[in-house]
Amino acid sequence: MTKVYEGECLCGAIKYRVTAEPIVSGACFCRDCQKTSGGAEAHGIMFPASAVTVVEGEPETFSNTVDSGNTVFRQFCPTCGVHVISWNSAAPEYKAIKVGTLKDPSDYRSQGSLWVSSAQPWHRPDPDLPQHAKMPCVTELAVAP
Ligand SMILES: [Zn+2]
Ligand SMILES: [Zn+2]
(Lines give C-alpha, C1' and ligand atoms only; values in the text may rest on other atoms or scores of the structure.)
(Ligands and ions follow the chains in the order given, each with its own letter.)
Protein backbone atom coordinates (compact mmCIF):
# COMPACT_ATOMS: atom_id res chain seq x y z
CA MET A 1 0.00 0.00 0.00
CA THR A 2 1.25 3.45 -0.85
CA LYS A 3 2.35 5.43 2.14
CA VAL A 4 0.50 8.68 2.83
CA TYR A 5 2.62 11.73 3.55
CA GLU A 6 0.90 14.53 5.44
CA GLY A 7 2.25 17.88 6.44
CA GLU A 8 1.43 21.43 7.37
CA CYS A 9 2.95 24.88 7.77
CA LEU A 10 3.93 26.33 11.12
CA CYS A 11 0.52 27.83 11.98
CA GLY A 12 -1.39 24.88 10.51
CA ALA A 13 -3.46 26.93 8.06
CA ILE A 14 -1.97 25.06 5.08
CA LYS A 15 -2.24 21.29 5.12
CA TYR A 16 -1.17 18.94 2.33
CA ARG A 17 -1.31 15.23 1.59
CA VAL A 18 0.76 13.10 -0.76
CA THR A 19 -0.23 9.63 -1.86
CA ALA A 20 2.69 8.35 -3.92
CA GLU A 21 6.10 6.80 -3.55
CA PRO A 22 8.88 9.40 -3.45
CA ILE A 23 10.84 9.78 -6.69
CA VAL A 24 13.97 11.22 -5.16
CA SER A 25 15.04 13.15 -2.08
CA GLY A 26 17.94 15.35 -1.14
CA ALA A 27 19.36 18.31 0.71
CA CYS A 28 20.00 21.50 -1.23
CA PHE A 29 22.64 23.98 -0.07
CA CYS A 30 21.97 26.66 -2.71
CA ARG A 31 21.61 30.26 -1.53
CA ASP A 32 17.89 30.33 -2.32
CA CYS A 33 17.31 27.27 -0.16
CA GLN A 34 19.48 28.78 2.60
CA LYS A 35 17.23 31.84 2.58
CA THR A 36 13.97 29.91 2.58
CA SER A 37 15.13 27.37 5.16
CA GLY A 38 16.52 29.94 7.59
CA GLY A 39 20.23 29.38 7.10
CA ALA A 40 21.20 25.83 6.39
CA GLU A 41 20.18 23.42 3.66
CA ALA A 42 16.63 22.62 2.58
CA HIS A 43 15.57 18.97 2.60
CA GLY A 44 13.03 18.05 -0.05
CA ILE A 45 11.23 14.98 -1.34
CA MET A 46 10.08 14.90 -4.97
CA PHE A 47 6.74 13.34 -5.92
CA PRO A 48 4.55 13.22 -9.04
CA ALA A 49 2.74 16.57 -8.98
CA SER A 50 -0.66 14.90 -9.33
CA ALA A 51 -0.14 13.13 -5.98
CA VAL A 52 0.53 16.35 -4.03
CA THR A 53 -2.72 17.93 -2.84
CA VAL A 54 -3.33 20.97 -0.65
CA VAL A 55 -6.23 19.76 1.48
CA GLU A 56 -6.68 22.87 3.62
CA GLY A 57 -5.87 26.55 3.19
CA GLU A 58 -4.85 28.72 0.26
CA PRO A 59 -1.08 28.93 -0.17
CA GLU A 60 0.48 31.84 -2.01
CA THR A 61 3.11 31.27 -4.68
CA PHE A 62 6.47 32.99 -5.04
CA SER A 63 8.51 32.44 -8.19
CA ASN A 64 12.01 33.42 -9.22
CA THR A 65 14.53 32.61 -11.93
CA VAL A 66 17.30 30.28 -10.80
CA ASP A 67 20.84 29.63 -12.04
CA SER A 68 19.71 27.24 -14.77
CA GLY A 69 17.40 29.88 -16.25
CA ASN A 70 14.36 27.92 -15.13
CA THR A 71 11.67 29.36 -12.89
CA VAL A 72 11.16 27.88 -9.44
CA PHE A 73 7.74 28.17 -7.83
CA ARG A 74 7.48 27.99 -4.04
CA GLN A 75 4.14 27.76 -2.28
CA PHE A 76 3.99 29.20 1.19
CA CYS A 77 1.51 30.05 3.92
CA PRO A 78 0.40 33.71 3.77
CA THR A 79 -0.07 33.74 7.55
CA CYS A 80 3.14 32.19 8.93
CA GLY A 81 5.30 32.41 5.77
CA VAL A 82 6.50 28.81 5.87
CA HIS A 83 7.29 27.22 2.50
CA VAL A 84 5.67 23.85 1.97
CA ILE A 85 5.71 22.87 -1.73
CA SER A 86 7.91 23.80 -4.69
CA TRP A 87 8.31 22.91 -8.34
CA ASN A 88 10.22 23.89 -11.44
CA SER A 89 9.03 25.33 -14.76
CA ALA A 90 11.05 22.71 -16.65
CA ALA A 91 9.25 19.83 -14.92
CA PRO A 92 5.86 20.89 -13.60
CA GLU A 93 4.85 17.22 -13.50
CA TYR A 94 6.88 16.92 -10.27
CA LYS A 95 6.53 18.73 -6.95
CA ALA A 96 8.82 18.73 -3.93
CA ILE A 97 7.67 19.03 -0.34
CA LYS A 98 9.76 20.49 2.47
CA VAL A 99 10.71 17.65 4.78
CA GLY A 100 10.49 19.82 7.88
CA THR A 101 6.78 20.38 7.28
CA LEU A 102 5.91 16.66 7.39
CA LYS A 103 3.88 15.48 10.36
CA ASP A 104 6.51 12.82 10.89
CA PRO A 105 9.82 13.56 9.19
CA SER A 106 11.69 10.83 11.12
CA ASP A 107 11.58 8.26 8.27
CA TYR A 108 13.17 10.66 5.79
CA ARG A 109 16.66 9.90 4.47
CA SER A 110 18.55 12.26 2.19
CA GLN A 111 19.96 10.60 -0.95
CA GLY A 112 22.51 13.29 -1.61
CA SER A 113 23.64 16.87 -1.17
CA LEU A 114 23.12 19.47 -3.89
CA TRP A 115 24.82 22.79 -4.54
CA VAL A 116 27.52 21.98 -1.98
CA SER A 117 29.68 24.71 -3.55
CA SER A 118 27.39 27.18 -1.75
CA ALA A 119 27.44 25.35 1.60
CA GLN A 120 28.51 27.56 4.48
CA PRO A 121 31.70 26.79 6.44
CA TRP A 122 29.63 26.32 9.59
CA HIS A 123 27.25 23.85 8.01
CA ARG A 124 28.85 21.11 5.95
CA PRO A 125 27.17 18.42 3.82
CA ASP A 126 26.98 14.83 5.08
CA PRO A 127 30.36 13.26 4.11
CA ASP A 128 28.73 9.82 3.69
CA LEU A 129 26.35 10.96 0.93
CA PRO A 130 27.00 11.84 -2.74
CA GLN A 131 27.79 15.53 -3.18
CA HIS A 132 27.02 17.65 -6.23
CA ALA A 133 28.87 20.95 -6.59
CA LYS A 134 26.14 22.92 -8.37
CA MET A 135 23.13 21.55 -10.21
CA PRO A 136 20.58 20.62 -9.29
CA CYS A 137 18.71 22.57 -6.66
CA VAL A 138 16.28 20.37 -4.78
CA THR A 139 13.56 22.02 -6.82
CA GLU A 140 15.31 20.84 -10.00
CA LEU A 141 16.03 17.24 -9.09
CA ALA A 142 13.55 15.94 -11.62
CA VAL A 143 15.05 17.95 -14.48
CA ALA A 144 18.71 17.23 -13.73
CA PRO A 145 20.60 15.24 -16.37
ZN1 LIG B 1 0.96 28.88 8.26
ZN1 LIG C 1 18.20 24.89 -3.54
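All ligand and atom numbering here is 1-based and tracks the order in the structure. Values in this document were obtained by computation on a predicted structure and should not be read as measured data. Every heavy atom of this structure was used, including side-chain atoms; hydrogens, water molecules and symmetry mates were not.
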Rounded to the nearest 0.5 Å, what separation is found between the CD1 atom of I14 and the CD atom of E56? 8.5 Å
Within the supplied structure, the quantity of interest is the number of heavy atoms (other residues, nucleotides, ligands) at a distance under 6.0 Å from E58 CD; does it exceed 12? no
I'd like to know whether the aromatic ring centres of F29 and W115 sit less than 6.0 Å apart in this structure. no
Just to confirm my numbers, could you give the angle made at the Zn ion (ligand 2) by SG of C28 and SG of C30, rounded to 10°? 110°
Once rounded to 10°, what is the value of the angle centred on the Zn ion (ligand 1) between C9 SG and C11 SG? 110°
Opening angle between SG in C80 and SG in C77, taken at the Zn ion (ligand 1), to 10 degrees: 110°
Near-ring test Y16/Y5, centroid separation under 6.0 angstrom: no
